[in-house]
Amino acid sequence: MTRHKYKVTRHKLQARDKLSEKKVIKKKVIFIVGPTAGGKSTTAVILAKKINAEIISCDSMQVYKHMDIATAKITKEEMQGVKHHLIDIIDPSQEYNVALFREKVTRFIKEIHKKKLIPLLVGGSGLYMQILLDGIFDDNKSSFKIRKKLDAKADEKGLGVLYNRLVELDPEAAKAIHSNDRRRIIRALEVFYSLNEPITEAKKKRHGIWNEYNVLLYGLSIERKLLYQRINERVDRMFQDGLIREAESLCENYSLSKSASGALGYKELFNYFKGEYDLIEAKRLIKRNTRRYAKKQMTWFNKENRIEWIDVLGSDTPLEIAGKIYKNAENKL
RNA sequence: GCCGCGAUAGCUCAGUUGGUAGAGCGCGGGACUGAAAAUCCCGGCGUCGGCGGUUCAAUUCCGUCUCGCGGCA
């Protein structure tokens with residue numbers, strides 16, 4: 001009888017929705033985010049098959065070809081026929097960034113919807129998630145040149161000079177940026193010079209997909225200790241799978257772009273190749289840096305209060321995790 | 001059994017000519033709009049092995065005990 005009651009309320013609600021907002025016809029977009037080594041990829045494939053979804057990678061490094069092992073890229077077999085977007089799309093020598101990501105993703109979402117399928121965003125890049133949800137302002141094409149100049153100026157005259165300049169031009173931004181944060185100081189100045197307005201103003205002009213679609217945002221939450229254990233084990237496995245060989249060939253065949261050279265796993269090995277430390281140390285550093293990365297990811301996701309958290313236990317299989325998400329999403333699908 | 005050496009932050013150790021201590025690593029927290037797996041910020045009271053003695057004051061000196069390492073028997 002409780003069931004009957006529930007049914008009635010639901011009908012009423014649906015009727016009301018139809019009358020008022022267009023909410024009902026908003027198309028769905030599902031996210032699975034969470035720290036590295038948390039089991040997102042396999043879980044996503046299972047879920048995708050269950051709900052007829054195509055997967056879009058929300059990851060800043062898996063876009064690179066030939067960087068497979070250290071980025072823990074999903075293999076063709078593991079994809080099980082589920083379409084994956086934004087994996088293996090550019091060479092390691094090419095640059096990639098959030099704006100590019102956003103542009104491509106918004107296009108893919110529309111295409112997938114056209115096919116009557118659900119876009120399933122999967123990844124751990126917090127900024128990418130946030131920009132997609134809330135949008136980005138349009139940049140000016142000249143800004144790249146300006147950045148180069150500012151970069152040179154910082155080397156020449158010191159970062160303090162640039163920071164002081166920012167304090168004059170955009171005090172609000174200067175207040176929020178630490179005087180040692182070179183990246184952000186240069187970016188803020190670059191925006192000011194190219195757009196003729198403070199970055200803080202520019203940031204207000206944006207539109208993301210959060211309001212455009214019915215977004216279901218899930219985060220995989222795992223106990224820290226267990227996560228670290230998984231990371232350490234996974235790095236060991238990477239070495240067994242030929243990480244060193246992959247890094248060697250990457251080193252020989254490509255000059256990595258700035259964005260690609262940030263990838264964990266390769267930079268530590270490159271330094272080992274140069275003789276800066278031994279292999280044991282390289283491995284230790286990869287594990288440590290990956291642990292730190294996971295922690296930073298958690299910092300990002302923890303402050304995102306739109307995330308619905310799915311608790312992952314050590315004994316949970318990807319099938320079970322996908323089940324938990326499905327159960328939660330069922331009513332909303 | 002004897003002779004050395006050591007015992008200080010989770011780990012490796014530094015240090016205090018006696019006024020209750022600090023680096024590295026590990027770890028924790030945070031910021032974040034075009035390199036984001038990047039960049040940057042913040043975080044260390046710990047019975048200085050136990051007990052006793054000297055002293056105004058001991059983690060620092062002395063004695064003793066316990067444990068660890070090395071050497072000699």
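In this structure, Ile185(A) places its CD1 atom 16 Å from C1' of A35(B), rounding to the nearest Å. Rounded to a whole Å, the CE atom of Met298(A) is 17 Å from the C1' atom of C32(B). A31(B) atom P lies 13 Å from atom NZ of Lys203(A), rounded to whole Å. Rounded to an integer number of Å, the gap from Asp134(A) CG to U33(B) P is 12 Å. Between Leu256(A) atom CG and A35(B) atom C1' there is a gap of 12 Å when expressed in whole angstrom units. Atom CD in Gln297(A) sits about 16 Å away from atom C1' in G29(B), given to the nearest Å. Atom C1' of nucleotide A36(B) and atom CZ of Arg147(A) are separated by 13 Å, given to the nearest angstrom. With rounding to whole Å, Tyr193(A) atom OH is found 17 Å from G34(B) atom P.
Between the C1' atoms of C13(B) and G19(B), the separation comes to 24 Å (whole Å). Comparing the C1' positions of U59(B) and G22(B) gives a spacing of 14 Å, expressed to the nearest Å. Comparing the same atom, C1', in G15(B) and in G24(B) gives a spacing of 15 Å after rounding to whole Å. Here, G28(B) and G10(B) have their P atoms 15 Å apart, quoted to the whole Å. A distance of about 14 Å separates the C1' atoms of A31(B) and A38(B), rounded to the whole Å. Atom P of G43(B) sits at a distance of 12 Å from the matching atom of A23(B), rounded to the whole Å. Nucleotides U12(B) and G44(B) are separated by 16 Å at their C1' atoms, to the nearest Å. Separating the P atom of U47(B) from that of C2(B) is a span of 32 Å, rounded to the nearest Å.
Using a 4.0 Å cut-off, no side-chain N or O of Tyr128(A) falls inside it from OP1 or OP2 of C32(B). Remark: Ser60(A) is not in phosphate contact with A36(B), judged by side-chain N or O atoms under 4.0 Å from OP1 or OP2. Using a 4.0 Å cut-off, no side-chain N or O of Arg291(A) falls inside it from OP1 or OP2 of G28(B). One finds no side-chain N or O of Tyr96(A) lying less than 4.0 angstrom from the OP1 or OP2 phosphate oxygen of A35(B). Using a 4.0 Å cut-off, some side-chain N or O of Lys303(A) falls inside it from OP1 or OP2 of C32(B). Between Ser125(A) and A36(B) there is no side-chain polar atom (N or O) within less than 4.0 angstrom of OP1 or OP2.
At least one cation-pi condition fails for Lys296(A) and Trp300(A): the charged atom is not both under 6.0 angstrom from the six-membered ring centre and inside a 45 degree cone around its axis.
Nearest to the side chain of Ile136(A), among C27(B), G34(B), A35(B), sits G34(B).
In this structure, the side chain to side chain donor-acceptor pair (under 3.5 Å) partners of Arg284(A), at least two apart in sequence or on a different chain, are Glu281(A). Remark: Thr36(A) engages Ile231(A), Arg234(A), Thr290(A), Tyr293(A), Ala294(A), Gln297(A) in a side chain to side chain contact (heavy atoms under 4.5 Å, CB included) (not counting sequence neighbours). For Lys50(A), the side chain to side chain contact (heavy atoms under 4.5 Å, CB included) criterion is met by Tyr326(A), not counting sequence neighbours. Qualifying side chain to side chain contact (heavy atoms under 4.5 Å, CB included) partners for Ala99(A), counting only residues two or more places apart in sequence or in other chains: Asn97(A), Ile136(A). Partners of Asp139(A) under the side chain to side chain donor-acceptor pair (under 3.5 Å) rule, at least two apart in sequence or in another chain, are Ser143(A), Arg187(A). Take His85(A) and apply the ring-ring contact (aromatic ring centres under 6.0 Å, His included) test, not counting sequence neighbours, and it matches Phe108(A). Under the salt bridge (Lys or Arg N to Asp or Glu O under 4.0 Å) criterion, Glu197(A) pairs with Lys205(A), not counting sequence neighbours. Partners of His66(A) according to the ring-ring contact (aromatic ring centres under 6.0 Å, His included) rule, which considers only residues two or more places apart in sequence or in another chain, are Tyr254(A).
Side-chain atoms of Arg187(A) and base atoms of G34(B) include a donor and an acceptor less than 3.5 Å apart.
Across every non-hydrogen atom of Ser93(A) and Ser257(A), the tightest pair is O-CB, 3.2 Å.
A side-chain hydrogen bond (donor to acceptor under 3.5 Å, both in side chains) check over residues 106-129 of chain A, counting only residues at least two apart or in different chains, returns the pairs Glu54(A)-Lys115(A).
Using a 4.0 Å heavy-atom distance criterion, Asp59(A) is classed as a base contact. In this structure, Tyr228(A) reaches the sugar-phosphate backbone alone: every heavy-atom distance under 4.0 Å involves primed, P, OP1 or OP2 atoms, never a base. Asp138(A) comes within 4.0 angstrom of a base, heavy atoms only. Base engagement by Gly135(A) is indicated by at least one non-hydrogen atom pair under 4.0 Å involving a base atom.
In this structure, CD1 on Ile112(A) lies 12.5 Å from NZ on Lys27(A), to the nearest 0.5 angstrom. How far CZ of Arg165(A) is from CG of Asp170(A): 12.0 Å, rounded to the nearest 0.5 Å.
Within a heavy-atom distance below 4.0 Å of RNA chain B, the residues of residues 63-73 of chain A found are Ala70(A), Thr71(A).
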Annotated structure of RNA chain B as dot-bracket, pair cut-off 3.5 Å, Watson-Crick or G-U only, | for inter-strand, is (((((((..((((.....[..)))).(((((.......))))).....(((((..]....)))))))))))).
Whether each nucleotide of nucleotides 38-43 of chain B has a protein heavy atom under 4.0 Å at its base (B), only at its sugar-phosphate (S) or at neither (-) is summarised, 5' to 3', as BBSS--
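Around atom CG of Asp138(A), no more than 12 heavy atoms belonging to other residues, nucleotides or ligands sit under 6.0 Å away.
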